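Residue numbers begin at 1 in each chain, while the letters A, B, ... track the order of the sequences. Since this is a predicted model, take the numbers as computed values, not measurements.
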Amino acid sequence: MRPFAYERAADARSAVAARAAGAADGAGAVYLGGGTNLVDLMRLGVVSPGVLVDVTRLPSDGVEETAGGGLLIGAAMRNSDLAAHPLVRRRYPMLTQAVVAGASGQIRNMATVGGNLLQRTRCSYFQDVTKPCNKRAPGSGCPARNGDHRNLAVIGQSEACVATHPSDMAVPLAALGAVVHIEGPGGARQVPMPGLHRLPGDTPERDTVLEPGDLITAVELPPLPFAARSRYRKVRDRASFAFAVVSVAAALDVEDGMVKDCRIALGGVAHIPWRAERAESALRGSPATEAAFAQAAAEELAQATPLPHNAFKVPLARNVVVRTLLDLVEAS
Amino acid sequence: MNGEGNSGPVFADPITADIMLSVNGDEHSVAVDTRETLLDTLREHLDLIGAKKGCDHGQCGACTVLVDGRRVKSCLTLTVTVDDREITTVEGLAADGALHPMQAAFVERDAFQCGYCTPGQLCSAVAVVREVADGWPSAVTPDVSGPVSLDDDEIRERMSGNLCRCGAYVNIVAAIRQVGA
Ligand SMILES: Cc1cc2nc3c(=O)[nH]c(=O)nc-3n(C[C@H](O)[C@H](O)[C@H](O)COP(=O)(O)OP(=O)(O)OC[C@H]3O[C@@H](n4cnc5c(N)ncnc54)[C@H](O)[C@@H]3O)c2cc1C
Ligand code: SF4
Ligand code: FES
Ligand code: FES
């Protein structure tokens with residue numbers, strides 16, 4: 001591992017300044033959250049920054065209520081604290097369920113909200129510096145397309161990259177349209193999910209719309225009363241401690257047997273947490289029945305372009321959407 | 001990260017930091033390479049070899065220790081990040097020469113074979129009991145907005161970050177149930 005300087009930032013401004021100073025030296029400076037992804041990738045030689053700016057001690061590490069019933073989550077909040085927070089559990093149960101479905105208790109104690117959103121793909125070629133990979137080494141090729149892609153994308157992938165975004169937490173955040181607060185060298189701005197992450201296109205080295213030096217300071221959950229009835233369902237190869245093969249976050253507002261409103265997002269299927277907008281609009285105003293759910297899920301997945309070894313994800317995702325929506329109806 | 005962080009020379013001099021590390025109630029003054037993980041500092045500098053290196057990638061749990069009472073993977077924790085924290089390793093669980101109740105339960109229930117994973121299992125188990133007492137939900141908690149209790153499903157789910165190659169799981173669950181339920 002390349003030697004690096006370590007700095008601990010006390011607030012967002014000084015974090016951005018410390019990162020900029022490191023970058024100006026040509027050292028390659030990055031933010032350090034819990035380190036559960038970054039330290040591993042440094043050890044594997046996938047990234048080799050010369051400066052780490054520790055942002056786990058920023059003051060924004062808790063949950064605040066916003067006007068209208070939403071929540072503002074500090075980017076430095078640990079995943080386990082987010083999942084255990086009483087207001088998150090009550091107002092957005094799918095978010096708690098998604099966080100506790102990810103990684104292990106030890107890793108959730110370390111991982112931060114900001115770092116979770118920016119964790120990198122688990123594509124095995126990306127993590128293996130002896131292999132080509134367009135995301136790690138632009139222009140070197142994508143061995144996954146004709147190789148091991150069972151766990152990779154079925155929607156929105158490109159010729160250049162078929163990776164998936166591995167975060168569970170990001171899936172309900174995409175469903176909620178959570179707003180990511182950013183402080184950068186050019187000032188502050190906000191990006192609503194799922195717009196933080198981007199499809200690979202021909203620049204798969206860029207996971208997100210963030211510019212170098214952009215710091216995530218908070219994630220705002222908009223008020224959404226019907227999300228009190230929401231659910232995250234994760235399908236994986238083991239009962240626990242495994243990344244999603246396919247996952248679904250859904251919230252459902254049913255009145256008199258009709259879907260008034262709904263939110264659906266899919267994990268494990270794309271380079272981004274995939275907001276199922278087609279399914280949502282098909283469902284609004286339709287009966288809350290299995291047939292309608294199946295029809296809506298099919299409409300969403302009609303745009304899938306799976307690869308030979310992951311075609312099973314398409315019917316799997318369809319079935320998981322239907323099952324999750326039915327669970328929500330039955331729970332009401 | 002968008003390709004950031006890859007510029008500059010790869011071979012440069014190590015950068016060290018002089019820090020105080022509080023482990024099991026003792027203060028240690030150590031000069032650590034910024035790249036050093038807590039696991040390596042404990043084992044190589046402080047001669048605390050209870051925490052084990054199973055994978056060095058956060059996948060096995062053998063390196064689990066407590067930082068301010070919370071369980072973490074010491075193989076992914078940079079030592080420089082915990083200079084102002086209170087670290088507890090398996091060596092620090094026993095008090096006044098008496099085994100911690102969790103250690104006693106592991107012995108009584110025969111919750112290990114080779115013992116390689118055991119220090120990590122113990123630290124994790126001690127933290128699990130506290131997480132449940134604090135009301136933290138898990139992936140198998142039926143209603144995450146409600147109360148939680150420690151049944152066998154909950155123990156298995158909460159301990160899933162600690163692997164045991166000897167397969168002592170059945171007795172590990174029994175030991176934790178004895179202490180925590
Ligand atoms: C064995 C194992 C199993 C796992 N299983 C799962 C799983 O099932 N589901 C799942 O969702 N995840 C899983 N994870 C991934 C884990 O959730 C992530 O590693 C973690 O969330 C990353 O958070 P962190 O704070 O440790 O980030 P770090 O590793 O510190 O950083 C990750 C990236 O974010 C950047 N960064 C950090 N904070 C900020 C900020 N505030 N602003 C801007 N940039 C920032 C860093 O520069 C880095 O590029 C697993 C990890 C391991 C090791
Ligand atoms: S899918 Fe993307 S991350 Fe994986 S090898 Fe291809 S380019 Fe690299
Ligand atoms: S050595 Fe840390 S988890 Fe395996
Ligand atoms: S007792 Fe041997 S690995 Fe667990």
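The number of heavy-atom neighbours closer than 6.0 Å to CD1 of Ile49(B), taken from other residues, nucleotides and ligands shown, is 12 or below. Within a 6.0 Å sphere centred on CZ of Arg57(A), heavy atoms belonging to other residues, nucleotides or ligands number more than 12.
The distance from the SG atom of Cys75(B) to the CZ atom of Arg43(A) is 6.0 Å, given to the nearest 0.5 Å. Within the model, atoms CH2 of Trp136(B) and CZ of Arg108(A) stand 9.0 Å from one another, a figure rounded to the nearest 0.5 Å. With values rounded to the nearest 0.5 angstrom, Arg238(A) atom CZ is found 8.5 Å from Ser160(B) atom OG. Going from atom SG of Cys60(B) over to atom CZ of Phe241(A) covers 8.5 Å, rounded to the nearest 0.5 Å. Once rounded to the nearest 0.5 Å, the distance linking SG of Cys55(B) with CG of Asp40(A) reads 8.5 Å.
Using a 4.5 Å cut-off between heavy atoms, Asp134(B) makes no contact with chain A at all. Heavy-atom distances place both the backbone and the side chain of Ala5(A) under 4.5 Å from chain B. Interface remark: Thr81(B) contributes backbone and side-chain atoms alike to the contact with chain A (heavy atom separation under 4.5 Å). Of the atoms belonging to Thr34(B), heavy atoms from both backbone and side chain fall under 4.5 Å from chain A. Only the side chain of Arg78(A) comes within contact range of chain B, judged by heavy atoms closer than 4.5 Å. Looking at Asp84(B), the atoms closer than 4.5 Å to chain A (heavy atoms on both sides) all sit in the side chain, from C-beta outward. Thr16(B) does not touch chain A: none of its heavy atoms, backbone or side chain, sits under 4.5 Å away.
Remark: the backbone N or O of Gly146(B) is paired with a side-chain donor or acceptor of Arg89(A) at under 3.5 angstrom. With hydrogens and angles disregarded, a donor-acceptor distance shorter than 3.5 Å links the side chain of Arg35(B) to the backbone of Met1(A). Under a 3.5 Å cut-off, the side chain of Asn109(A) and the backbone N or O of Arg70(B) do not form any donor-acceptor pair. At distances below 3.5 Å, at least one donor-acceptor pair connects side-chain atoms of Arg8(A) with backbone N or O atoms of Val80(B).
Between Leu32(A) and Leu78(B), some side-chain heavy-atom pair lies under the 4.5 Å cut-off. At least one side-chain heavy atom of Gln106(A) sits less than 4.5 Å from a side-chain heavy atom of Ser124(B).
Closest approach of Val100(A) and Glu157(B) over heavy atoms only: O-OE2, 3.9 Å. Residue Ser104(A) comes nearest to Lys73(B) through the heavy atom pair OG-NZ, 3.4 Å, listed as atom of the first residue, atom of the second, then distance.
Highest contact tally toward chain A, considering only Asp56(B), Val128(B), Thr141(B), is held by Asp56(B) [criterion: heavy-atom pairs under 4.5 Å]. With chain B as the partner, the residue from Asn37(A), Asp81(A), Thr96(A) showing the most heavy-atom pairs under 4.5 Å is Asp81(A). Note on Asp33(B), Asp83(B), Val148(B), Asp143(B): by heavy-atom pairs under 4.5 Å with chain A, the leading option is Asp83(B). Counting heavy-atom pairs closer than 4.5 Å to chain A, the top-ranked of the candidates Val67(B), Leu163(B), Val72(B) is Val72(B).
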